[in-house]
Amino acid sequence: MSKHQPVRGTHDLLPDDYRRFAHVVDTARDVARLYGYREMATPIFEFTELFARGIGETTDVVSKEMYTFADRGGESLTLRPEYTAGICRAFVSNGELTQQLPLKLFAAGPMFRYERPQKGRQRQFHQIDLEVLGAPEPGADIEVISVAADILDRLGILERCVLKVNSLGDPECRGVYRQVLVDYYTGHIDKLSEESKNRLQRNPLRILDSKDEGDKAINANAPSFTDHLNQASRDFFAAVKDGLTASGVPFEVDPALVRGLDYYTHTAFEFVTTHLGAQGTVLGGGRYDGLIAELGGPPTAGIGWAGGIERLMMLCNEPAPLPRPVAFAPLGPAAEAKALAIARTLRRAGIAVEQDYRGNMKRRMQRANKLGARAVVIIGDDELAKGMAQLKDLDSGAQREVALDALVDALKG
RNA sequence: GCGGCCGUAGCUCAGUUGGUUAGAGCGCCAGAUUGUGAUUCUGGAUGUCGCCGGUUCAAUUCCGGUCGGCCGCCCCA
């Protein structure tokens, strides 16, 4: 048993699971297309350097969660832990893309993070991803969030989610605020939780979100980012909020919303749910105006998000059932041969046909029933001689004789 | 990375206060007259009781380790 176990934190997607998986991706792709986003893909692994520089050396993702290995040539490579860095790298690598601004992209695929698995948290997981490059305007933020809301709506889970938004300001006021926070918490360092003492070095904004009761008390009087946003950041955030309201996308401002990737600026947002335990974030993202320049590309604004497909699947309603097939029950070699030809004709007419490979009448009927077939086409020597088939409706049990060349019409209606 | 819970047939689970052949429901397989499913009836098979080791006359049951899942923290999708 144990040697047949999949690697920790990985899962097989069996056909029934995969249908729901594909439903999420298909729905997202359809909605993205409605907004003019084009799908693309980047490699699953990149040079380690890309993620280290892009996401930030001190982030948890980079410092302890990456699948990094040396290839046979000695290059340090990393299985992508998120999509944005790879897409930005592709933007820098492919000059033609810089002439298509604003560039609107959709992508989906597997991501890898070495974490302790839980429900909704795997080591290989999958994301849908949306990015707009080259649009510094708040309109892009509004649009990107609106696409997300529409996808969640189409999946039937929007009402089980809350959209939280926040502004992380621009680098200028964020640096100022960060220092103000560090000063404040340093003054209370003896009462801070161990966890938060660590955060003070790496990401002090994160302390605002602490679940520790002692930290919460200190947070009550902590200086707020809202008071430290500069005018440009304030205006930008206001425009985003107004746009969301105008679009009819409900949201809550959450001043404690901080994202764990260093590249975010201005808008940060998450769709969260209370239905998935500790893994409440279903889709999240933000603006990253400095990332592409940081990677050595032309200074280009960016905004986007990623959604966890497995998490979305868990919230989703069952996708629409597949169209029910027609099954064949040919009896004898002559009928089997004839059935092959008829089945192809039916399929060319768009009718799904299931063909079993063996068995008598009883077995064929049982298989048909198990496959969820709506009807069975029965052809034996008698029928063959007359150029007819017995057509049995499996729901009503009714059976009638139909000419072989009339089957398409009989099954289409 | 930290703390905790759990691991018995394909699935959901019961059970053994350590002791001959480990159970149920669902599902699966086979029959109920030769070319008719689903429904009903009858019968059948489920299994290294996660894996390795220890204690014991004896372990699926106790202990340790390990692998995996789950819950909370952390982090995030």
Side-chain angles (χ1 to χ4, degrees), chain A residues 1-11 14 16 24 55 59-65 80-84 108-129 148 161 193-196 198-199 202-203 206-207 209-212 215 257-261 268 270-273 276-285 305-315 327 329-332 335 356 359-384 390-399:
Chain A
M1 189 69 143
S2 78
K3 53 187 155 187
H4 299 294
Q5 277 173 349
V7 172
R8 181 170 211 199
T10 67
H11 291 290
L14 270 25
D16 285 342
V24 170
I55 300 171
T59 60
D60 280 18
V61 169
V62 170
S63 63
K64 46 194 187 196
E65 295 177 2
R80 64 185 181 200
E82 57 103 51
Y83 223 142
T84 304
M111 305 295 154
F112 305 85
R113 258 122 95 156
Y114 189 88
E115 289 190 277
R116 184 143 169 190
Q118 266 179 52
K119 192 190 190 77
R121 187 211 263 179
Q122 299 162 210
R123 289 183 174 184
Q124 176 178 340
F125 61 102
H126 300 79
Q127 291 185 331
I128 50 176
D129 186 276
C161 296
S193 67
E194 281 310 308
E195 202 80 59
S196 289
N198 284 329
R199 287 192 270 230
R202 300 199 321 270
N203 194 348
R206 190 112 254 159
I207 302 174
D209 202 18
S210 176
K211 287 168 192 167
D212 181 87
D215 290 350
L257 174 60
V258 177
R259 313 221 78 235
L261 284 52
E270 287 182 356
F271 285 86
V272 298
T273 180
L276 293 179
Q279 273 59 246
T281 302
V282 141
L283 185 152
W305 52 252
I309 297 176
E310 286 85 356
R311 291 183 186 179
L312 292 165
M313 280 167 69
M314 289 189 282
L315 291 174
L331 303 165
D356 204 355
N360 57 17
M361 176 72 110
K362 187 184 179 85
R363 182 197 144 91
R364 304 244 188 201
M365 293 299 291
Q366 280 175 337
R367 280 282 295 170
N369 192 61
K370 216 166 280 180
L371 291 165
R374 56 195 237 251
V376 181
V377 174
I378 301 164
I379 309 173
D381 292 337
D382 298 349
E383 286 81 10
L384 216 47
Q390 297 290 336
L391 181 57
K392 173 158 182 160
D393 183 301
L394 283 180
D395 291 328
S396 66
Q399 186 167 318

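All chains are named by letter (A, B, ...) in the order of the sequence lines, taking the proteins before the strands, and each is independently numbered beginning at 1. These values consider heavy atoms only, across backbone and side chains, with no hydrogens, waters or symmetry-generated copies.
When the C1' atom is compared between B/C51 and B/C6, the two are found 16 Å apart, to the nearest whole Å. Taking atom C1' in both B/C70 and B/G27, the straight-line distance is 25 Å, to the nearest Å. When the C1' atom is compared between B/U8 and B/G3, the two are found 27 Å apart, to the nearest whole Å. Atom name C1', nucleotides B/C67 and B/G53: the rounded distance is 14 Å, in whole Å. Comparing B/A38 with B/A24, their C1' atoms sit 25 Å apart, to the nearest whole Å. Distance noted for atom P between B/G7 and B/A14: 9 Å (whole Å). B/A9 and B/G23 have their C1' atoms separated by 10 Å, given to the nearest Å. The separation of B/C52 from B/U42, taken at their C1' atoms, amounts to 45 Å, rounded to a whole angstrom.
Looking only at side-chain heavy atoms (C-beta outward), A/Leu331 and A/Glu383 stay at 4.5 Å or farther from each other. Annotation: side chain of A/Arg8 is in contact with side chain of A/Pro117 (closest heavy-atom distance under 4.5 Å).
A/Gln399 comes within contact range of at least one nucleobase, with a heavy-atom separation under 4.0 Å. At the heavy-atom level, A/Lys392 lies under 4.0 Å from base atoms of the strands shown. Using a 4.0 Å heavy-atom distance criterion, A/Asp382 is classed as a base contact. Heavy atoms of A/Arg199 sit under 4.0 angstrom from primed sugar atoms or phosphate atoms, though from no base atom. Counting any heavy atom pair closer than 4.0 Å across all strands shown, A/Gly332 reaches no nucleic acid atom. Using a 4.0 Å heavy-atom distance criterion, A/Ala368 is classed as making no nucleic acid contact. Looking at heavy-atom distances under 4.0 Å, A/Ile378 makes contact with a base. Contacts of A/Gln122 with the nucleic acid, taken as non-hydrogen atoms under 4.0 Å apart, include base atoms. If you check every strand for non-hydrogen atoms under 4.0 Å, A/Gly120 touches a base. Residue contacts for A/Glu115: at a heavy-atom cut-off of 4.0 Å it reaches a base atom on one of the strands shown. In this structure, A/Leu283 reaches the sugar-phosphate backbone alone: every heavy-atom distance under 4.0 Å involves primed, P, OP1 or OP2 atoms, never a base. Here A/Glu194 lies out of heavy-atom contact (under 4.0 Å) with every strand.
The shortest distance between the side-chain N/O atoms of A/Gln390 and the OP1/OP2 oxygens of B/U36 is not below 4.0 Å. Between B/C75 and A/Lys64, no contact under 4.0 Å exists linking OP1 or OP2 to a side-chain N or O. Look at A/Lys362 and you'll find a side-chain N or O under 4.0 angstrom from OP1 or OP2 of B/G37. OP1 or OP2 of B/C76 sits under 4.0 Å from a side-chain N or O of A/Arg206.
Taking atom CD of residue A/Gln5 and atom P of nucleotide B/G50, one finds them 12 Å apart after rounding to whole Å. A/Leu391 places its CG atom 13 Å from the C1' atom of B/U36, with the value rounded to the nearest Å. Rounded to whole Å, atom C1' of B/C67 lies 12 Å from atom CZ of A/Arg123. Between A/Arg374 atom CZ and B/U36 atom P there is a gap of 23 Å when expressed in whole angstrom units.
Residues A/Tyr83 and A/Gly109 approach most closely at CE1-N, 4.2 Å, considering heavy atoms.
Residue A/Glu195 is the one, among A/Glu195 and A/Glu310, whose nearest nucleotide of RNA chain B lies closer to the 5' end (criterion: closest heavy atom). Judged by closest nucleotide on RNA chain B, A/His11 is the one of A/His11 and A/Phe271 placed further toward the 5' end.
Between the base of B/G3 and the side chain of A/Arg116 there is a donor-acceptor pair shorter than 3.5 Å. Below the 3.5 angstrom threshold, one finds a donor paired with an acceptor across the side chain of A/Arg311 and the base of B/C76. Taking only distance into account, the side chain of A/Arg363 never meets the base of B/G31 through a donor-acceptor pair shorter than 3.5 Å.
Nucleotide B/C41 forms a pair with B/G31, judged by Watson-Crick or G-U wobble geometry with both contacts under 3.5 Å.
Salt-bridge check for A/Arg121 with A/Glu310: failed, with every basic side-chain N at 4.0 Å or more from each acidic carboxylate O. Salt-bridge annotation for A/Arg367 and A/Asp356: present, with a side-chain N of the basic residue lying under 4.0 Å from a carboxylate O of the acidic one.
A donor and an acceptor atom, one from each side chain of A/Ser193 and A/Asp212, are nowhere located under 3.5 Å apart. Side-chain contact check for A/Gln124 and A/Thr10: no donor-acceptor pair (N or O, by modelled atom type) lies under 3.5 Å.
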